[in-house]
Amino acid sequence: MTASLPLFAAVPLAARDPILGLNDAFQADTHPKKVNLSIGVYYDGAGKIPVLSCVQKAMQTLMGQNAPRIYQPIDGPAAYTQAVQRLLLGADHPAIREGRAVTAQTLGGTGALKVGFDLLSYISPNVKAWVSRPTWDNHCALLEGAGFPVDTYGYYDAATGGFNLADMLRDLNRAQPGDIVILHACCHNPTGVDPTAEEWTQIIETIEQRQLVPFLDIAYQGFGSGLQEDSEIIRRFAERHLPVFIASSFSKSFSLYGERVGALTVLTANPDEAKRVLSQVKRAIRANYSNPPIFGAALVSTVLNQPELRALWEEELTGMRDRIREMRLMLRERLSAQAPGRNYDYIVKQRGMFSYSGLNAAQAQALRENGSIYIVESGRICVAGLNANNVDYVAEAMAAVQKS
């Protein structure tokens, strides 16, 4: 019998994903007070992942149609892609009216990044990509997978728990024309720190002057200040008539994590350019997964295109945003009571689902080992995992590890 080639003999064991690995450990933990603040999932006040009422109603509508499960267009159905454009840009935006906006359905926000990076590697292969320091880990993995060298720009100020504009501008001024800049449009992951409107003005001007390519990641629209407020930076970039890439996701805002519903939107200079760009977006999708699935996007499309369901969704999304804000306030209050000499105001200034808590890797490990409280080693916590039943327990444990 011929011996097989030792194809896999030297294959190393890949490191466990730092967040999903913590989630697995949490599931196996039997501690009665265990708390999961690691994974980026919204939990309601009872600690459950909600099924939104608007989604339930849309599901009933779709299930009653009993439609065949045929292949979708490579870029997804027009009802979905047009609804995405209106949500990001506004219904009457010039880029939509003039046919300069291209949108394709993708497999979540990650799929949008993947398709966008693949497209950029085809049309602009010899450039560098820049990500914030820190950023979501998968940004770097996806960029490197597309062949881009990755550098970082300053962003987080550990001393204040806020934003460091000077460091960001200094680093962006080192970038070369054509370089790609990954930006978090709102609710920065992992820090929760966003620039102010005035700071965004300087960032946009620098990107324009340096002739950089902005790639906006907006996975949490509606979790910061509101749907329109959170997408304002997209419209501000669109005003400059720059080539702009936008990766958007409905995983969090619709609580549809497993459905993988996202979109890639590209803003171009004119309809002819848009037609050519869309052809290349479709080419990249075809080479990745051929065409997108039906159900999740159909749910989102149904909600966004029916006024009564859209209104219900906005009401539910407001409730989620308000609950997160309430948890931030409660956590600051409890921590301040436990450690009166410390300033925890940064917790309420940060926005969205995440907060850089200020804890280090050793303190994160102590939380896990001593109290079965799971946070990422960077100190990032998912504020949406807090509720009235566990916030006291978490605050007491956080203050304890900071004192030790």
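Nothing fancy with the numbering, it's 1 onward along the sequence. Nothing here was measured: the structure is a model prediction, and the numbers come from that model.
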Engineer: One thing to verify: whether Asp179 and Arg210 come together as a salt bridge, which I'm taking to mean a side-chain N less than 4.0 angstrom from a carboxylate O.
Structural biologist: no
Engineer: List for me each residue that meets side chain to side chain contact (heavy atoms under 4.5 Å, CB included) alongside Asp151, sequence neighbours excluded, and say none if there are none.
Structural biologist: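 Applying side chain to side chain contact (heavy atoms under 4.5 Å, CB included) to Asp151 gives Lys128, Trp130, Arg174.
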Engineer: I need the Leu165 CG to Glu199 CD distance, nearest 0.5 Å.
Structural biologist: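 Leu165 CG to Glu199 CD: 5.0 Å, rounded to 0.5 Å.
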Engineer: Under the salt bridge (charged side-chain N to carboxylate O under 4.0 Å, His left out) definition, can you give me all pairs with a residue in residues 374-398, not counting sequence neighbours?
Structural biologist: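 Qualifying pairs, neighbours excluded: Arg334-Asp392.
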Engineer: After noting the C-alpha distance and the side-chain angles of Met320 and Tyr42, does the key distance pass the side chain to side chain contact (heavy atoms under 4.5 Å, CB included) rule?
Structural biologist: CA-CA 8 Å; Met320 290 191 282; Tyr42 176 84; 3.4 Å; yes
Engineer: Determine whether Tyr43 and Ile39 make a side-chain contact, defined as any pair of heavy atoms from C-beta on separated by less than 4.5 Å.
Structural biologist: yes
Engineer: Mind checking what makes side chain to side chain contact (heavy atoms under 4.5 Å, CB included) contact with Arg133, not counting sequence neighbours?
Structural biologist: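 By the side chain to side chain contact (heavy atoms under 4.5 Å, CB included) rule, Arg133 matches Thr152, Arg170, Asp171.
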Engineer: Run the numbers on Asp167 and Tyr153 for side chain to side chain contact (heavy atoms under 4.5 Å, CB included), then give the verdict.
Structural biologist: CA-CA 7 Å; Asp167 277 4; Tyr153 58 82; over 6 Å; no
Engineer: Give a yes or no answer on whether the side chain of Glu326 reaches the backbone of Asp322 with a donor-acceptor pair at less than 3.5 Å.
Structural biologist: no
Engineer: Within the side chain of Ser231, is there an N or O that forms a donor-acceptor pair under 3.5 Å with the backbone of Ile234?
Structural biologist: no
Engineer: Has Gln338 got a side-chain atom pairing as donor or acceptor with Ala400's backbone, closer than 3.5 angstrom?
Structural biologist: no
Engineer: Is the closest side-chain donor-acceptor distance between Thr103 and Thr81 under 3.5 Å?
Structural biologist: no
Engineer: Considering only residues two or more places apart or on different chains, which pairs with a residue in residues 205-249 satisfy ring-ring contact (aromatic ring centres under 6.0 Å, His included)?
Structural biologist: Phe117-Phe215, Phe215-Phe245, Tyr220-Phe354
Engineer: Between His188 and Phe163, is the gap from one ring center to the other below 6.0 Å?
Structural biologist: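 Distance test on ring centres: not under 6.0 Å, no.
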Engineer: Can you tell if the side chain of Leu107 reaches within under 4.5 Å of the side chain of Pro293, non-hydrogen atoms only?
Structural biologist: yes
Engineer: Quick one: closest heavy-atom pair of Ser255 and Leu52, and the distance?
Structural biologist: CB-CG, 4.3 Å
Engineer: Are the side chains of Met59 and Leu299 in contact, using a 4.5 Å heavy-atom criterion?
Structural biologist: yes
Engineer: Without swapping roles, check the side chain of Thr206 against the backbone of Gln202 for a donor-acceptor pair under 3.5 Å.
Structural biologist: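 Yes; at least one donor-acceptor contact below 3.5 Å.
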Engineer: Any side-chain heavy atom of Val266 sitting closer than 4.5 Å to one from Ile246?
Structural biologist: no
Engineer: Can you confirm whether Lys34 sits close enough to Phe26 that some side-chain heavy atom of one is under 4.5 Å from a side-chain heavy atom of the other?
Structural biologist: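 A side-chain contact exists here, since the closest heavy-atom pair is under 4.5 Å.
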Engineer: Which value, rounded to the nearest 0.5 Å, describes the distance between Asp272 atom CG and Arg100 atom CZ?
Structural biologist: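 The CG atom of Asp272 sits 14.0 Å away from the CZ atom of Arg100.
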Engineer: Can you see which heavy atom on Ser225 is nearest to which on Arg351, and at what distance?
Structural biologist: OG-NH1, 2.5 Å
Engineer: Against Arg368, only a single residue in Ile373, Ile375, Leu22 fulfils side chain to side chain contact (heavy atoms under 4.5 Å, CB included); can you say which?
Structural biologist: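 By the side chain to side chain contact (heavy atoms under 4.5 Å, CB included) criterion, Arg368 pairs with just one of Ile373, Ile375, Leu22: Leu22.
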Engineer: Considering residues at least two apart in sequence or located in another chain, which fulfil the side chain to side chain donor-acceptor pair (under 3.5 Å) criterion with Glu232?
Structural biologist: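 For Glu232 the side chain to side chain donor-acceptor pair (under 3.5 Å) partners, ignoring immediate neighbours, are Arg235.
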Engineer: Taking ring pair (Phe, Tyr, Trp, His ring centres under 6.0 Å) as the definition, give me every residue that meets it alongside Trp313, ordered by chain and number, with sequence neighbours left out.
Structural biologist: Phe254
Engineer: Surrounding OH of Tyr289 (heavy atoms of other residues, nucleotides or ligands, distance under 6.0 Å), is the total greater than 12?
Structural biologist: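 Enclosed.
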Engineer: Applying side chain to side chain donor-acceptor pair (under 3.5 Å), name anything that partners Glu239, two or more places apart in sequence or on another chain.
Structural biologist: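 For Glu239 there are no side chain to side chain donor-acceptor pair (under 3.5 Å) partners, ignoring immediate neighbours.
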Engineer: Quick check: do Ser253 and Leu317 have side-chain heavy atoms less than 4.5 Å from each other?
Structural biologist: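 Yes, at least one pair of side-chain atoms sits under 4.5 Å.
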Engineer: Can you see whether Gln365 engages Glu369 through a side-chain donor-acceptor pair at a distance of less than 3.5 angstrom?
Structural biologist: yes
Engineer: What residue pairs, at least two apart or across chains, pass ring-ring contact (aromatic ring centres under 6.0 Å, His included) with a residue in residues 48-91?
Structural biologist: none
Engineer: I'd like to know if Lys349 and Asp345 make a salt bridge, using a cut-off of under 4.0 Å between side-chain N and carboxylate O.
Structural biologist: no
Engineer: Have Asn23 and Tyr374 got a donor and an acceptor in their side chains that come within less than 3.5 Å?
Structural biologist: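 No, no side-chain donor-acceptor contact under 3.5 Å.
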Engineer: Would you please name every residue forming a side chain to side chain contact (heavy atoms under 4.5 Å, CB included) with Asn387, sequence neighbours left out?
Structural biologist: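 Side chain to side chain contact (heavy atoms under 4.5 Å, CB included) check on Asn387 returns Arg323, Asn389, Asn390.
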Engineer: Side chain to side chain contact (heavy atoms under 4.5 Å, CB included) with Tyr346: which residues, sequence neighbours excluded?
Structural biologist: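 Listed in chain order: Tyr344, Gln350.
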Engineer: If only side-chain N and O atoms count, and only distance matters, is there a donor-acceptor pair under 3.5 Å linking Arg342 with Ser336?
Structural biologist: no
Engineer: Side chain to side chain donor-acceptor pair (under 3.5 Å) with Glu315: which residues, sequence neighbours excluded?
Structural biologist: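 Not a single residue meets the side chain to side chain donor-acceptor pair (under 3.5 Å) criterion with Glu315.
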Engineer: Which residues pass the salt bridge (charged side-chain N to carboxylate O under 4.0 Å, His left out) test with Lys275, sequence neighbours left out?
Structural biologist: none
Engineer: Under 3.5 Å, is there a donor on one side chain and an acceptor on the other for Thr135 and His184?
Structural biologist: yes
Engineer: Any heavy-atom pair between the side chains of Thr191 and Tyr155 that's under 4.5 Å?
Structural biologist: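 With C-beta onward as the side chain, the pair touches.
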